[in-house]
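In what follows, a structure is listed as structure tokens, so that the remarks can point back to it.
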Amino acid sequence: MEQSNRKWWILVTVSLAVFMAMLDITIVNVALPEIQKKFSSNFSNLQWVLNGYTLVYAAMLLPVSKLGDIIGLKKVFLLGLSVFVIGSLTSGLASSHLWLNIFRGLQGIGGAAMMSLSLTIVTSSFPDKQRGLALGFWSGAVGLAISGGPLIGGALVDSLGWRSIFLINIPFGILAILLGIFFIQESNRNSNEKIDFFGFLLSTAMIFTMVLALIQKEMHENYSWIDWHILSLLSLSIVFFIAFLVAERKVKNPMIELSIFKKWFI
């Protein structure tokens with residue numbers, strides 16, 4: 001297939017993927033009352049149906065981006081899509097709120113891979129003159145998912161039940177995987193670069209504790225910003241961040257380019 005046609009199919013593929021990833025942040029809201037009735041969950045457990053996805057999604061953005069550089073954008077993107085589809089299937093079949101929360105976290109891993117690598121795939125597939133149009137299309141898919149999530153979720157829950165908001169991802173996810181296998185070209189990976197496992201753990205812990213602090217603040221109205229629950233998590237996040245910077249200066253292939261912190265820390 002000609003490159004001029006291939007790039008538009010690549011844009012459709014990644015836009016479909018990011019649409020599903022962002023949709024699963026907003027679509028669940030309208031299904032929470034039905035989920036609560038099904039599992040007789042309290043409000044605290046119910047919130048983790050939303051927060052479990054968001055927390056894992058945020059924590060995995062940096063690690064999966066780095067894996068894409070090392071292993072290859074196409075491989076990690078398609079692996080993320082596959083994990084997302086599996087997470088959607090298992091979420092739709094979950095037998096308790098605990099399993100639903102766990103499977104939502106699995107969805108978050110896949111969503112992070114799809115979102116973090118999609119922009120790189122798009123920008124590398126389009127020439128400079130068409131890149132703005134492609135990124136506008138990508139942004140439109142994200143905006144449509146955010147704004148249309150409650151409407152789509154409401155229609156699905158009313159007609160097919162709450163499990164449908166997860167199971168609907170399966171056919172579209174499989175379609176995106178097939179399109180990605182056929183149209184997305186593998187990027188040039190750096191064969192000399194190795195996975196920085198210590199940096200991987202520190203960066204994940206840093207983002208995890210920071211986002212968890214923000215989630216805890218929103219979940220508990222009686223928590224102030226100076227509450228020890230919030231301060232301890234934020235302090236721990238800062239400790240992980242400093243440890244990450246120190247550790248990354250000592251490795252040959254750091255997770256990120258540390259020069260971006262130079263004016264403040266180095």
Checklist entry - Hey, do the aromatic rings of Phe39 and Trp162 have their centres closer than 6.0 Å? => result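 For Phe39 and Trp162, the ring centres are under 6.0 Å apart.
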
Interatomic spacing from [atom1] in [X] to [atom2] in [Y] - rounded to 0.5 Å:
| X | Y | atom1 | atom2 | answer |
| --- | --- | --- | --- | --- |
| Leu245 | Met206 | CG | CE | 8.0 Å |
| Leu61 | Met115 | CG | CE | 8.0 Å |
| Phe126 | Leu133 | CZ | CG | 7.5 Å |

Side chain of [X], backbone of [Y]: donor and acceptor closer than 3.5 Å?
| X | Y | value |
| --- | --- | --- |
| Lys75 | Gly68 | no |
| Lys74 | Ile184 | yes |
| Ser203 | Phe200 | yes |
| Asn29 | Thr26 | yes |
| Ser237 | Leu233 | no |
| Ser118 | Val18 | no |
| Arg104 | Tyr53 | no |

Next on the checklist: So which atom in Phe183 and which in Arg6 form the shortest heavy-atom distance, rounded to 0.1 Å?
Outcome noted: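 What the structure gives for the nearest pair is O-NH1, 2.9 Å.
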
